[in-house]
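Reading through the structure tokens given below for one structure.
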Amino acid sequence: MKIFFIGFMGCGKTHWGKAVAQKLGLPFFDLDARIEEDAGKTVSQIFEESGEEYFRMLEKEVLNLLTESHETFVMATGGGTPCYYNNIDYMNAKGTSVWINCSVDCLHSRLLKEKAHRPLIDDLDNKGLRSFIVKKFGDRKIFYQQASIILNEDDVQLDSLIDRIFHPSK
Ligand code: S3P
């Protein structure tokens, strides 16, 4: 069983991914953390030194490596992961993808407090951050919507989330 949490920065992929992994007794992987371990650099350093295109290549490589080398896991991907290469098709072919759909307001208030380690938004002010979210979220929705399971942030609860993972058509 391979479960991939996808969605915009700040939607709760890591939080819910860890909770599901713990409840099901499965290993948990944080894709960004694994990229950082492999590269020996933070995501911000990779963006700064080598650019986003290079980061996307590493992201794809580590996604493939972890997925092929483990039978079962829960993974929190990065906000852009499903939007590059064939990553969303790949995740859906290998397992179950879960999108946590958060409102722009919710993402904005969370990301204002948590932007320091996120290179795409770290230098944006309040207004700039909001415009960025509206634009980027609009561009990316088409990828997030391809998730096997779609949950609205307000409806997410651990037991119902696990129930949906085992009965995706509900
Ligand atoms: C990114 C999201 C980040 C990280 C990188 C790029 C994005 O992950 O992969 O900064 O393109 O949305 P989180 O969604 O965990 O913040």
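Start at 1 and go down the list; that is how both ligands and their atoms are numbered. Keep in mind the model is a prediction, meaning the values are calculated, not measured.
Considering backbone and side-chain N/O atoms, Phe8 never comes within less than 3.5 Å of an N/O atom of ligand 1.
Rounded to the nearest 0.5 angstrom, Met9 CE and Ile121 CD1 are separated by 5.0 Å. The distance from atom CE of Met75 to atom NZ of Lys2, rounded to the nearest 0.5 Å, is 9.0 Å.
If you check which protein heavy atom lies closest to atom 5 (C) of ligand 1, you get Val43 CG1, 3.9 Å. Nearest to atom 10 (O) of ligand 1 among the protein's heavy atoms is Pro119 CD, 3.5 Å. Looking only at heavy atoms of the protein, atom 16 (O) of ligand 1 is closest to Arg118 NE, 2.6 Å. Scanning all protein heavy atoms for the shortest distance to atom 15 (O) of ligand 1 gives Asp32 OD2, 3.5 Å.
The side chain of Arg56, and not its backbone, has at least one atom closer than 4.0 Å to an atom of ligand 1 (non-hydrogen atoms only; side chain from C-beta on). Contacts between Leu120 and ligand 1 below 4.0 angstrom, taking non-hydrogen atoms only, involve the side chain exclusively. In Lys136, neither the side chain nor the backbone holds a heavy atom less than 4.0 Å from any atom of ligand 1.
Listed here is the closest heavy atom pair of Gly10 and Leu107: C-CD2, 3.9 Å.
Atoms of ligand 1 lying under 4.0 Å from any heavy atom of Lys13, numbered from 1 in the order shown and given with element: 13 (P), 14 (O). Ligand-side atoms of ligand 1 in range of Phe55: 9 (O), range being under 4.0 angstrom from any heavy atom.
For Lys18, the NZ atom counts as loosely surrounded, since its 6.0 Å shell holds 12 or fewer non-hydrogen atoms of other residues, nucleotides or ligands.
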What's the verdict on side-chain contact (heavy atoms from CB on, under 4.5 Å) for Asp32 and Thr77, showing C-alpha distance, side-chain angles and the deciding distance?
CA-CA 7 Å; Asp32 278 338; Thr77 66; over 6 Å; no
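The main-chain N or O of Asp89 is never found under 3.5 Å from a side-chain atom of Asn86 such that the two would form a donor-acceptor pair.
Look at Arg140 and you'll find a heavy atom under 4.0 Å from some atom of ligand 1. Residue contacts with ligand 1: His117 is excluded, as none of its non-hydrogen atoms falls under 4.0 Å.
With respect to Glu48 and Lys41, no salt bridge is recorded, no charged nitrogen being found less than 4.0 Å from a carboxylate O.
Contact annotation: the side chain of Tyr90 never approaches that of Ile88 to less than 4.5 Å [non-hydrogen atoms, C-beta and beyond].
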